[in-house]
Structure formats: structure tokens, C-alpha cells
Amino acid sequence: MDFKEVLEVHGQTQLLALCKTDAEREMLARQLQTVDWSTLAFRPNEDPAKGHIAPITGLRLHEIEENKSRYRQIGIKAVKEGKVAAVLLAGGQGTRLGMDAPKGTYDIGITRPVYIFEQLMDHLKETVACCGGYVPLFIMTSEKNDAQTRAFFAEHDYFGYPEQFVRFFVQEMAPCVDFEGRLLLEAPGRLALSPNGNGGWYASLKRAGADADFPDVEWYNVFGVDNVLQRIADPVFVGATIASGCMSGAKVVCKSRPEEKVGVLCLEDGKPSVIEYYELTEEMANLRDEKGDLCYLYGVILNYLFNAQMLREIASTRIPVHVVKKKIPYLGADGTLIKPEKENGYKFESLILDMVKLAGSCLPFEVVREKEFAPIKNLTGVDSVESARLLLKSNGVQL
Ligand code: UTP
């Protein structure tokens, strides 16, 4: 099929008028070869229906405390033997924080600079000091922030971490469409693209071959960029997950109230699954067990452990696509770039939380919210720079 036929078959002939030169048409034709057309057919709220939802049993704080030294020993051994890697998901756009630069470069300090990346690297170094072995760190970026992220780490001397244990890899991009499903351009011959969500991390890691130098890795601790209090490759968490025989583990906090807006770990048709807060009915959200605890108690904090063998086995399984409304700058019919004030189309993302279900088994591992959960999503208010600063200070971090 030639370029024009491809556009006709997929109902995208509006792009023809926007590409005026051969060079522009060729550039676009090349990009169209990488488009997954089946993904573009999704629309919001077309997520597959949920199965039967039931509460999941997790490892509570007192149980962890009782077995802590055993778990820690197992975890330390795994780290020392090079079996545990860390994966920092830093490909997001951080739109809520309103930054152009990568979110990890944000300075949360008050009297001195304290960068989000630096804070995370400090936590990783704590693990290394405790275990006596280095943890390979894979950092996922996107085309939009890769160069800046690499430069920032180089400029800060990898925050004292040995460079040979750090690898960057770039996640894939997915085209954006308007509400009618028409592809948009961000420049003549160039599709408007956005990062394809954090669920593609393993596929992107493998495609980049970033793990080639670390063949012994058996567990990946995958975490988001914005929780500045989280422990990374925490040996107790690693040990408890290995001891449980589960193929994945999830750090969780107990929900502070039934309506808290956090993804909840539960069972779906007998398999572990994370469901969004709005997918829980009011009745389910308020349901309590005989001890008075919420039945749907465990909020996920984007800190997971995944078994490498399991990941290899599910590598060819398709992760569900989620459709998100977004403001997408686009080329208007007259060829000028329009920056919309309101959402004007959809982006397509896969989410890491869907990997928990694919893993088949998951250990919910409770952590103390005030000690391990300080996400930075916004500048002020809930989950913000302000709230994270207070939490960091109460944990003895000088800002
Ligand atoms: P969020 O869902 O908070 O998205 O990502 P975001 O892009 O960082 O922020 P907003 O929504 O635009 O304000 C959770 C984690 O997943 C990573 C983010 O970097 C963050 O660590 N992520 C998200 C990716 O690595 N790639 C993506 O495509 C999306």
C-alpha cells in the first residue's frame, strides 16, 4: 500500500492536506508504519468489564515485624548476589506539576537544593549500604525528556552512585487523536505523540537491551519518580516477596478513609488485581471486616516487585490500553500550531498496575504511610510539594 492508500484505509486523509512537500510525506509515511491501528480504535470507558471482585489478604505491619530479620536476610542475600534491579519510571510528563523539565529535576529544597532524583538516589544508596552490594538501576525516560534526564544525572555525578550500575532506556511513544479518532500532527510530517504509559516499561527495557550487562537479575523493583519517601530495593520487601512464593509484590498503605482516591489491590476472579478508586462501589468502599478494618484496604503506591522469569513468560501478552483525554497541541488546517485551552483529544496508555494481574500472584506488603509515602503530583494541596516537604521533615530530612 502506498502512503495515500494507508491514509484512506484508516480514514486519515485529513493528513494529506497538511503535508505539502515530498520530504514531509515521506517522514509521515515512515511514522505511520509504526502506528498500532488497533490501539487507536479504543475509546474512553471501553475498558474490559471487571470480573468478580473480592478482598485480598496482605502482609500487615505486625506480621512483617515478627519476621523482619528472616525477610531482611533473604533480601540482603538476593541484593548481594546481583538478583535485584531497580527500575525508575521517569517517562511521564508531570503535567500536574506544570514543569517542562523532567519531574525528577524538581528542587524540593528550601535552604539547599534537594532534587527529587537526588532524594531517590539517597534511598537507593541506603539499600546498598545495608546490603553490601550494588543494585543495577534502570531509568526509563521518554523521547521528550531523555537528553535532559541523562544530562542531569551526569551533571550531578550520578548522585554518588557508580555510573556502571546505571542504564537509561527510552519508552515508546503513541500517537494522539482528536475526539473523532483522527490523527493529529505537531508539525508538518510529524505526528503528535505522547509517552505510551508506564505499563510498557518491560517491553521497552528489553527492546533497548538495557539489561544485557546484568544477566543475574531475578527481581525488578519498579517505582514511580514522585514518591520521595519510598524505599528502593528494600531488602525486607524483597525477602518477604521471595519467601511468599508470589510472582510479584506490591507495597501498599492502608487507606486513610473509604473514599480515598487511590488504586486498590484486590482479587479479581481469584487473581490479584488493582482497581481504580472509582471502580469500587460506595458499598464496597465502606465494607468492613469483623475487626472493623476496611475490606478493600490496600492502596497501591507504585512500588512493585516483579519476578524476571514471570516477566519473560508474559512478555508477548498484550497489556490493556487505557484512553485518556488530553490537551494536544496540533497543526490547524492553515498549517499553524494550535495550543488548545481544553482537552481536545485522546492519548493511549498502558499502565503498570495491569501487570499485577498478569503476574498471577502478588504479595500486598503494608508500609507505614507517614514513613514511605510522600508523592509529589501537584504544587500545592494534596500530594504536593508542600505535603511532601512536611513529610520529609518529619522523617528527619533537612530541606
Ligand atoms: P503519573 O500517572 O503521575 O503521570 O505517572 P505523570 O506523567 O508523571 O504526571 P501527570 O499525570 O502528567 O501530572 C506515574 C509514574 O509513571 C511514570 C511517571 O514518570 C511517574 O513516575 N510514567 C508515566 C512513565 O514513566 N511513562 C508514562 O508514559 C507515564
Side-chain angles (χ1 to χ4, degrees), residues 36 39 86-106 108 115-117 119-121 123-124 137-146 148-150 152-153 167-176 192-205 207-208 210 220-230 232 250-251 261-263 274 276-278 299-304 306 319-329 343 346-356 373-385 387-388:
D36 177 352
T39 294
V87 182
L88 165 56
L89 302 172
Q93 291 177 294
T95 34
R96 281 170 283 175
L97 203 53
M99 281 183 83
D100 273 341
K103 200 179 201 175
T105 64
Y106 192 86
I108 45 172
Y115 304 104
I116 292 180
F117 280 144
Q119 192 58 35
L120 299 177
M121 294 307 287
H123 291 314
L124 183 57
L137 171 67
F138 303 112
I139 302 175
M140 183 166 87
T141 62
S142 83
E143 272 173 23
K144 298 208 190 268
N145 67 18
D146 183 64
Q148 273 176 296
T149 307
R150 286 174 195 251
F152 195 77
F153 270 84
R167 296 285 182 282
F168 296 87
F169 66 100
V170 182
Q171 73 174 98
E172 272 78 50
M173 306 290 280
C176 303
L193 303 169
S194 83
N196 67 346
N198 55 25
W201 72 270
Y202 184 67
S204 301
L205 175 87
R207 201 163 298 136
Y220 290 97
N221 179 210
V222 190
F223 58 99
V225 71
D226 37 43
N227 178 5
V228 284
L229 269 186
Q230 67 191 316
I232 298 165
K251 283 207 165 180
K261 291 183 176 170
V262 59
V274 179
E276 303 278 9
Y277 66 91
Y278 51 80
V300 287
I301 61 169
L302 218 180
N303 191 310
Y304 298 104
F306 290 108
I319 302 176
V321 174
H322 298 261
V323 184
V324 186
K325 282 189 182 170
K326 186 182 147 100
K327 289 184 215 162
I328 308 158
E343 286 135 351
Y346 302 126
K347 66 173 174 175
F348 301 89
E349 293 189 326
S350 61
L351 303 178
I352 189 166
L353 52 83
D354 287 319
M355 291 177 94
V356 171
F373 191 42
I376 298 179
K377 299 283 183 194
N378 309 295
L379 272 175
T380 54
V382 180
D383 296 344
S384 66
V385 176
S387 60

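When a ligand or atom number is given, it counts from 1 through the structure's own listing order. These numbers come from the heavy atoms of this one structure, side chains and all, not from hydrogens, waters or symmetry mates. Start at 1 with the first residue, then count along the sequence.
- Formation of a donor-acceptor pair under 3.5 Å by the Asn196 side chain with backbone atoms of Glu349 is not found in this model.
- At the shortest separation from atom 7 (O) of ligand 1 among protein heavy atoms lies Gln93 N, 2.8 Å.
- Of all protein heavy atoms, the one closest to atom 19 (O) of ligand 1 is Gly92 N, 3.0 Å.
- For the residues Gly197, Gly104, Ser350, the heavy atom positioned nearest atom 28 (O) of ligand 1 is part of Gly197.
- Two residues are said to be in side-chain contact when any heavy atoms from C-beta on lie closer than 4.5 Å; Leu353 and Val300 fail this criterion.
- Between Phe306 and Tyr202, the ring centre distance reaches or exceeds 6.0 Å.
- No hydrogens or angles considered: a donor-acceptor pair under 3.5 Å links the side chains of Asn221 and Asn303.
- For atom 26 (N) of ligand 1, the closest heavy atom belonging to the protein is Gln171 OE1, 2.6 Å.
- Close approach of ligand 1 to Leu302 (heavy-atom distance below 4.0 Å) involves ligand atoms 14 (C), 15 (C).
- Only the backbone of Ala90 comes within 4.0 Å of ligand 1, counting heavy atoms alone; no side-chain atom from C-beta on gets that close.
- For the residue pair Thr39 and Val321, the shortest heavy atom distance occurs at CG2-CG1, 3.8 Å.
- Within the 3.5 Å criterion, the main-chain N or O of Gly224 finds a donor-acceptor partner in the side chain of Gln230.
- Near Gly224, the atoms of ligand 1 lying under 4.0 angstrom from a non-hydrogen atom of the residue are 21 (O).
- Counting atoms of ligand 1 from 1 in the listed order, those under 4.0 Å from a heavy atom of Pro195 are 28 (O).
- At a 4.0 Å heavy-atom cut-off, ligand 1 does not touch Ile352 at all.
- Scanning all protein heavy atoms for the shortest distance to atom 25 (O) of ligand 1 gives Gly91 N, 2.8 Å.
- Asp146 and Thr141 form a side-chain donor-acceptor contact under 3.5 Å, judged by distance and modelled atom types alone.
- Close contacts between ligand 1 and Met140 involve ligand atoms 25 (O) [criterion: under 4.0 Å to a heavy atom].
- When atom types are taken as modelled, the side chain of Asn198 and the backbone of Gly92 share no donor-acceptor pair closer than 3.5 angstrom.
- When hydrogens are left out, the protein atom nearest atom 11 (O) of ligand 1 is Arg96 NH2, 2.9 Å; that is the closest non-hydrogen contact.
- Annotation: side chain of Glu172 is not in contact with side chain of Asp36 (no heavy-atom distance under 4.5 Å).
- The protein heavy-atom contact nearest to atom 8 (O) of ligand 1 is Gly94 N, 3.7 Å.
- Of all protein heavy atoms, the one closest to atom 12 (O) of ligand 1 is Thr95 OG1, 2.4 Å.
- Counting only heavy atoms of the protein, atom 17 (C) of ligand 1 lies nearest to Leu89 O, 3.7 Å.
- Note: Leu205 CG to Ile139 CD1 = 12.0 Å, rounded to the nearest 0.5 Å.
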